[in-house]
Chemist: 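Have a look at this one.
Predicted model only: the values in this text are computed from it and were never measured. What's counted below: heavy atoms across the whole structure, side chains too, no hydrogens, waters or symmetry copies. Residue indices begin at 1 and follow the sequence shown.
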Amino acid sequence: MAGDQTPHPTGGPDDIPTGAGQGWTALSYLIGGMLVWGFIGWLVDQWLDSGGIATGIGVVLGMAGGIILVVRRLGTPT
């Protein structure tokens, strides 16, 4: 009978979020990339004493990486 079927689990690693979930996912990729690569750039600045150049480069690389992740993950509709 139809009532005896168990529902399939959702929320796997390959599931694409819908609605507001896509927005939060995109925002977290962009902010996370900026923070992680900006921090790596800051560490390089501390190591080389380059006056903030590496931090700026790290933030820009993080933004570019975040955009690439958003396009790869959310850019193609299924």
Side-chain angles (χ1 to χ4, degrees):
M1 287 209 249
D4 295 335
Q5 295 177 353
T6 58
H8 296 288
T10 59
D14 292 332
D15 288 347
I16 296 176
T18 58
Q22 286 183 343
W24 287 111
T25 301
L27 185 65
S28 67
Y29 283 159
L30 295 173
I31 292 175
M34 287 173 47
L35 289 176
V36 168
W37 286 102
F39 179 71
I40 291 171
W42 179 80
L43 288 175
V44 170
D45 273 335
Q46 298 301 311
W47 180 45
L48 298 176
D49 195 26
S50 60
I53 300 292
T55 302
I57 291 171
V59 169
V60 170
L61 287 177
M63 289 186 332
I67 291 170
I68 290 170
L69 283 175
V70 168
V71 169
R72 280 189 175 174
R73 176 72 187 221
L74 303 175
T76 55
T78 55

Chemist: Checking Val44 now: which residues fulfil side-chain contact (heavy atoms from CB on, under 4.5 Å) with it, not counting sequence neighbours?
Modeler: Leu48, Ala54
Chemist: Could you measure the distance from the CD1 atom of Ile68 to the CZ atom of Arg72? Nearest 0.5 Å is fine.
Modeler: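 Separation between the atoms: 7.0 Å.
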Chemist: Could you list who else is in Trp37's hydrophobic cluster, with ILVMFWY side chains joined at under 4.5 Å, directly or through other members?
Modeler: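 Reading the cluster by chain and number, Trp37 sits alongside Val36, Ile40.
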Chemist: List, by chain and then residue number, the residues other than Ile53 in its hydrophobic cluster (Ile/Leu/Val/Met/Phe/Trp/Tyr, side-chain heavy atoms under 4.5 Å); write none if there are no others.
Modeler: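 Reading the cluster by chain and number, Ile53 sits alongside Ile57, Leu61.
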Chemist: Would you name the heavy atoms of Ser28 and Thr25 that are closest together and state the gap between them?
Modeler: OG-O, 2.8 Å
Chemist: Under 4.5 Å side-chain heavy-atom separation, chaining through any Ile, Leu, Val, Met, Phe, Trp or Tyr, what else clusters with Leu27? Say none if it is isolated.
Modeler: Trp24, Ile31, Leu35
Chemist: I'd like to check the side chain to side chain donor-acceptor pair (under 3.5 Å) partners of Ser50; sequence neighbours left out, ordered by chain and number.
Modeler: Asp45
Chemist: What pairs of residues pass the ring pair (Phe, Tyr, Trp, His ring centres under 6.0 Å) test when at least one of them lies in residues 55-74, not counting sequence neighbours?
Modeler: none
Chemist: Going by the ring pair (Phe, Tyr, Trp, His ring centres under 6.0 Å) test, which pairs reach into residues 40-64, not counting sequence neighbours?
Modeler: Phe39-Trp42
Chemist: Locate the shortest heavy-atom distance separating Met63 from Leu30; write the atom from each residue and the value.
Modeler: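 Nearest heavy atoms, Met63 then Leu30: O-CD2, 4.1 Å.
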